[in-house]
Amino acid sequence: MIKLFNTLSKKIEEFSPIHADSMQVGLYACGPTVYDYTHIGHLRKYVMDDVLVRVLRNASYEVKHVQNITDVGHLVSDDDEGEDKMEKGARKYGKTAWELAQQFENYFFYSMDKMNVLRPTLSCRATEHIQSQLDLVLDLEKKGFTYIIEKDGVYFDTSKLEKYGELSGHDPRFAPREARIEEIEGKRNPSDFALWKFEKAGENRQMVWPSPWHPRSFPGWHVECSAMSIEHLGPQIDIHTGGIDHIAVHHANEIAQSETYTEKKPFVKYWVHHNFLRVDGEKMSKSLNNFYTIDDIIKKGFSPEALRLLFLNSHYRSEQNFTFASLEASQNAWQKLLQIYFALKKSPRDFSDEQDDENEISQKFTNDFLTAVENDLNTSEALAVLWQMLKNTSLTNSQKYRLLLDFDRILGLGLIATKESNLLLKPNQELQVSDLPEKLQKLFAEREEARLDKDYAKADQIRLEFAKAGYQLVDLNGSVIIKTQPQN
Ligand code: AMP
Ligand code: ZN
């Protein structure tokens, strides 16, 4: 039984598709705005979406995973004000908005492939769904839910709804966004939002389309997701994902538009929201110089799989703080896992237990693993089960090998496709001080000093820290040999 925390009910609920007895699941994921490089915060969000898809498929659901590409209409304020991120990005990079969209869409999928994120069943661009977005807005207009602000756009009148903003647990018409009404002259309620925007005088936008209201206009960001999800998944969706930043506005607006348009409730049965990744305790931003792409991670000598493992070690609903020290620890764990995997792969296969699927211990590990991942994607607990399984002394090597590959079909570390050359260090491999990560080099020097001072307690304590990081220190005839850990 898969359980998910639903932002709508604020509870963990048992998952069952919106169409009872169906094994088909429609999942819509808010995709990237392709105005700049995909960063590690995005990677975390889409890795966790990927785990969700894998968990559902493992439970025999047929998942249609639709993910959009926002290539127009997302304004820098995340609201109805400011420049379009695409037009701004085009100026920054000296490209056309269209070239920019293509470049960063390519970079997004390149990053996803590196992270072993399965491609969505369907990826759809907002600029290729202009007509369906227009149809939706025309329908809302016909139903009397819109008004026009001259020289600005077509707005949704949220006061016409019985309920608005349920997702965020409060009514955003009154709090905490009172300031919003001041932002745009002519807005009737603070929570009203743009469905369609008009080019401003002198703006000279690159991405514009004619509409009944203005010859040079473009869709609002929220309407993209409503129109594309309805077109590709129907009026009601099983699961919709996005970052927590989308709850109060973007998703509240999607619900308002979609339910008014289709006249069906609920638009989405389970709303799944991912918490944010911070870097060294700060919000990621180019100006703070803490904005990392997958290429930055690789250039610093880390494997994408180590980053994936780091993400899996935290819960998607908790904020995660990225540091290079934590990535280093994760890289060591990944190397250890690879060592074990290749050793198991090479060890002689015991065919007698290949048929022994009912083996009690192996069944128990499978159950524990599935219980963890199916419990609102508790990936860190699932990893704990994996390590316990590898340490278990009653299982044979071939049983462990099979379980490891089974678990990895959900974790998506891609063990089966890894080559032994990915193994940077072999068990018991002797190393020089300069081979160690910088932090350990310093610690090694500290230990040498402690040894000279005959402070053996401190030397032993530092040896323990090395062991935790995956290294052995062997004191031999007055000198120290540094080695990787022995096999398991
Ligand atoms: P954007 O490209 O800004 O439209 O974001 C695409 C998705 O990534 C959205 O669901 C965001 O909520 C999510 N996202 C953006 N930044 C981060 C971050 N630092 N950590 C986690 N998710 C993020
Ligand atoms: Zn969206």
Side-chain angles (χ1 to χ4, degrees), residues 7 27-50 52 66-79 82 84-86 88-89 100-101 104-105 107-109 111-112 115 117 120 123-126 129 133 136 167 193 195 219-233 237 239-258 267-268 271-286 288 290-294 307 310-311 314-322:
T7 310
L27 187 152
Y28 185 87
C30 281
T33 310
V34 284
Y35 69 106
D36 216 324
Y37 289 97
T38 302
H39 56 59
I40 54 176
H42 297 126
L43 300 185
R44 181 184 187 216
K45 191 265 172 186
Y46 295 105
V47 160
M48 296 315 294
D49 270 1
D50 186 51
L52 173 59
V66 176
Q67 185 181 275
N68 72 297
I69 298 286
T70 298
D71 53 358
V72 67
H74 192 167
L75 306 186
V76 287
S77 68
D78 256 17
D79 229 323
D84 190 318
K85 290 187 180 192
M86 296 305 299
K88 191 174 174 193
L100 192 80
F104 289 124
E105 180 185 317
Y107 194 76
F108 173 76
F109 283 114
S111 309
M112 292 301 126
M115 295 301 288
V117 171
S123 162
C124 44
R125 301 187 183 110
H129 291 72
Q133 296 168 67
L136 196 154
L167 201 56
F193 58 91
L195 295 160
W221 168 40
H222 319 300
V223 83
E224 296 177 5
C225 286
S226 285
M228 288 189 277
S229 61
I230 293 166
E231 178 169 335
H232 296 296
L233 292 169
I237 303 169
I239 304 173
H240 192 317
T241 73
I244 48 167
D245 54 328
H246 290 348
I247 299 173
V249 179
H250 183 50
H251 289 164
N253 295 349
E254 275 189 46
I255 293 173
Q257 297 159 158
S258 303
F267 164 48
V268 171
W271 282 97
V272 170
H273 287 105
H274 304 262
N275 209 323
F276 261 48
L277 184 76
R278 294 170 79 85
V279 171
D280 295 326
E282 309 256 21
K283 192 172 174 218
M284 221 180 307
S285 83
K286 286 237 159 117
L288 285 175
N290 65 359
F291 179 108
Y292 299 110
T293 64
I294 189 61
L307 183 61
L310 183 67
F311 295 153
S314 78
H315 193 260
Y316 76 94
R317 277 195 289 118
S318 308
E319 192 174 87
Q320 185 171 21
N321 186 28
F322 173 89

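Whatever order the structure lists ligands and atoms in, that order sets their numbers, starting from 1. Note: hydrogens, waters and symmetry copies are ignored here, and every other heavy atom, side chains too, is used.
- Ranking protein heavy atoms by distance to atom 20 (N) of ligand 1, first place goes to L277 N, 2.9 Å.
- Backbone or side-chain N, O or S atoms of C30 reach the Zn ion (ligand 2) at under 2.8 Å.
- Checked against the 6.0 Å centroid criterion, the rings of Y35 and F104 do not qualify as a close aromatic pair.
- Nearest non-hydrogen protein atom to atom 9 (C) of ligand 1 is H246 NE2, 3.4 Å.
- At a 3.5 angstrom cut-off on N or O pairs, D245 counts as close to ligand 1.
- With a cut-off of 2.8 Å, the Zn ion (ligand 2) has an N, O or S atom of C225 in range.
- Comparing heavy-atom distances from atom 17 (C) of ligand 1 across F108, W221, F276 singles out F276 as nearest.
- Residues F193 and H222 place their aromatic rings such that the two centres sit under 6.0 Å apart.
- With hydrogens and angles disregarded, a donor-acceptor distance shorter than 3.5 Å links the side chain of Q133 to the backbone of H129.
- Of the polar atoms of G242, none of the N or O atoms is found under 3.5 Å from an N or O of ligand 1, judged by distance alone.
- Between H251 and W271, the ring-plane angle classifies as tilted under the 30° and 60° cut-offs.
- Atom 7 (C) of ligand 1 has Y46 OH, 3.4 Å as its closest protein atom, hydrogens excluded (heavy atom only).
- Set against the non-hydrogen atoms of G31, the atoms of ligand 1 under 4.0 Å away are 4 (O), 6 (C).
- In summary, the side chains of H250 and H74 do not present any donor paired with an acceptor at a separation below 3.5 Å, with no hydrogens or angles considered.
- Ranking protein heavy atoms by distance to atom 4 (O) of ligand 1, first place goes to T33 OG1, 2.7 Å.
- For the residue pair H246 and E254, no side-chain donor N or O sits within less than 3.5 Å of a side-chain acceptor on the partner.
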Intermediate values then yes/no, salt bridge (Lys or Arg N to Asp or Glu O under 4.0 Å), D71 and K85:
CA-CA 9 Å; D71 53 358; K85 290 187 180 192; over 6 Å; no

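- Among the backbone and side-chain atoms of H222, none of the N, O or S atoms lies under 2.8 Å from the Zn ion (ligand 2).
- The OH atom of Y316 sits 11.5 Å away from atom NZ of K45, with the distance rounded to the nearest 0.5 Å.
- Residue H39 approaches ligand 1 through these ligand atoms, each under 4.0 Å from one of its heavy atoms: 16 (N), 17 (C), 19 (N).
- At the shortest separation from atom 3 (O) of ligand 1 among protein heavy atoms lies H42 NE2, 4.0 Å.
- For the residue pair Q320 and R278, no side-chain donor N or O sits within less than 3.5 Å of a side-chain acceptor on the partner.
- Counting heavy atoms only, G243 comes closest to atom 10 (O) of ligand 1 of the residues G41, A29, C30, G243.
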